[in-house]
Amino acid sequence: MPKKIIIIEDDHDILDMMQYILEDEGYEVVVYRFAALVEEIIQGRPHLILLDERLPGKSGHELCAEIKNNPGLKGIPVILVSADSKIEQIAGNCKADGYIAKPFDLTTLTELVHRFS
């Protein structure tokens, strides 16, 4: 059974590209274009979450903190994805397991996903 990755990203082009690449790598990919509810993430039982920092309604770091404070999810790696120049600091503050700075190349994406999944 393939490992499941949840991608939460509001940019359609980035989301489509990430989904295509990761499915091509053999992962099962579930996508959200907005901040998902923690309950939806729990039900999805992912092996990894790729989370955009700038989402409508709730920032990625807020959702990451909720995930890391939830006993059912805190062990799931979360990688923040952002063009924010302070993404490393933001990721550290919300206890994300890693980060990807936009723009990123596909090798960086796949290597990080393989490391954490």
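Since we're looking at a predicted model, the values are computed, not measured.
Remark: Lys102 engages Glu9 in a salt bridge, criterion side-chain N to carboxylate O under 4.0 Å.
Looking only at atom types and distance, the side chain of Ser82 has no donor-acceptor partner in the side chain of Tyr99 under 3.5 Å away.
No side-chain heavy atom of Leu22 sits under 4.5 Å from any side-chain heavy atom of Asp24. Side chains of Asp84 and Gln89 form no contact here, defined as non-hydrogen atoms less than 4.5 Å apart. Taking 4.5 Å as the limit, some side-chain heavy atom of Ile6 sits within range of a side-chain heavy atom of Tyr32. When side chains are defined from C-beta on, Phe104 counts as touching Val81, because their heavy atoms get closer than 4.5 Å. In this structure, the side chains of Lys95 and Lys74 stay at 4.5 Å or more apart for every pair of heavy atoms. Looking at heavy atoms from C-beta onward, Ile79 lies out of side-chain contact with Ile49 at the 4.5 angstrom threshold. The shortest side-chain heavy-atom distance between Ser59 and Arg54 does not fall under the 4.5 Å cut-off. Between Leu50 and Val113 there is a side-chain heavy-atom pair separated by less than 4.5 Å.
Closest non-hydrogen pair, Pro71 versus Asn69, comes out as CD-O, 3.6 Å. When all heavy atoms of Leu48 and Pro77 are compared, the pair lying nearest together is CD1-O, 3.5 Å. In terms of heavy-atom proximity, Asp10 sits nearest to Arg33 at CB-O, 3.5 Å. The two atoms that bring Val78 and Leu51 nearest to each other are CG1-CD2, 4.0 Å, heavy atoms only. Considering every non-hydrogen atom in both Pro2 and His47, the closest pair reads O-CE1, 4.5 Å. Between Ala96 and Leu80, the shortest heavy-atom distance links the atoms CB-CG, 4.1 Å.
Annotation: Glu28, atom CD; neighbour count of heavy atoms from other residues, nucleotides and ligands within 6.0 Å is above 12.
In the hydrophobic cluster analysis, where Ile, Leu, Val, Met, Phe, Trp and Tyr join through side-chain heavy atoms closer than 4.5 angstrom, Ile76 is grouped apart from Phe116. Each of Ile90 and Leu112 belongs to its own hydrophobic cluster when Ile, Leu, Val, Met, Phe, Trp and Tyr are linked at side-chain heavy-atom distances under 4.5 angstrom. Both Ile67 and Ile87 are members of a single hydrophobic cluster when ILVMFWY side chains are connected at heavy-atom separations under 4.5 Å. No continuous path of hydrophobic side-chain contacts links Val31 to Phe34 [ILVMFWY only; heavy atoms under 4.5 Å]. No path of Ile, Leu, Val, Met, Phe, Trp and Tyr side chains, each step under 4.5 Å between heavy atoms, connects Ile7 with Leu55, placing them in separate hydrophobic clusters.
Not one N or O on the side chain of His61 forms a donor-acceptor pair closer than 3.5 Å with the backbone of Cys94. No donor-acceptor pair closer than 3.5 Å links the side chain of Asp52 to the backbone N or O of Ile8. Formation of a donor-acceptor pair under 3.5 Å by the Thr110 side chain with backbone atoms of Leu106 is found in this model. A donor-acceptor contact shorter than 3.5 Å is absent between the side chain of Lys4 and the backbone of Arg45.
A side chain to side chain contact (heavy atoms under 4.5 Å, CB included) with Pro46 is found for one member of Val30, Ile5, Ile41 and no other, namely Ile41.
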Could you please spell out the steps behind the side-chain contact (heavy atoms from CB on, under 4.5 Å) verdict for Glu88 and Asn93? CA-CA 9 Å; Glu88 183 176 11; Asn93 289 343; over 6 Å; no
Derivation and outcome, side-chain contact (heavy atoms from CB on, under 4.5 Å), residues Glu66 and Lys58: CA-CA 11 Å; Glu66 288 179 31; Lys58 183 183 289 190; 2.7 Å; yes
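Between Cys64 atom SG and Asp97 atom CG the span is 7.5 Å, to the nearest 0.5 Å.
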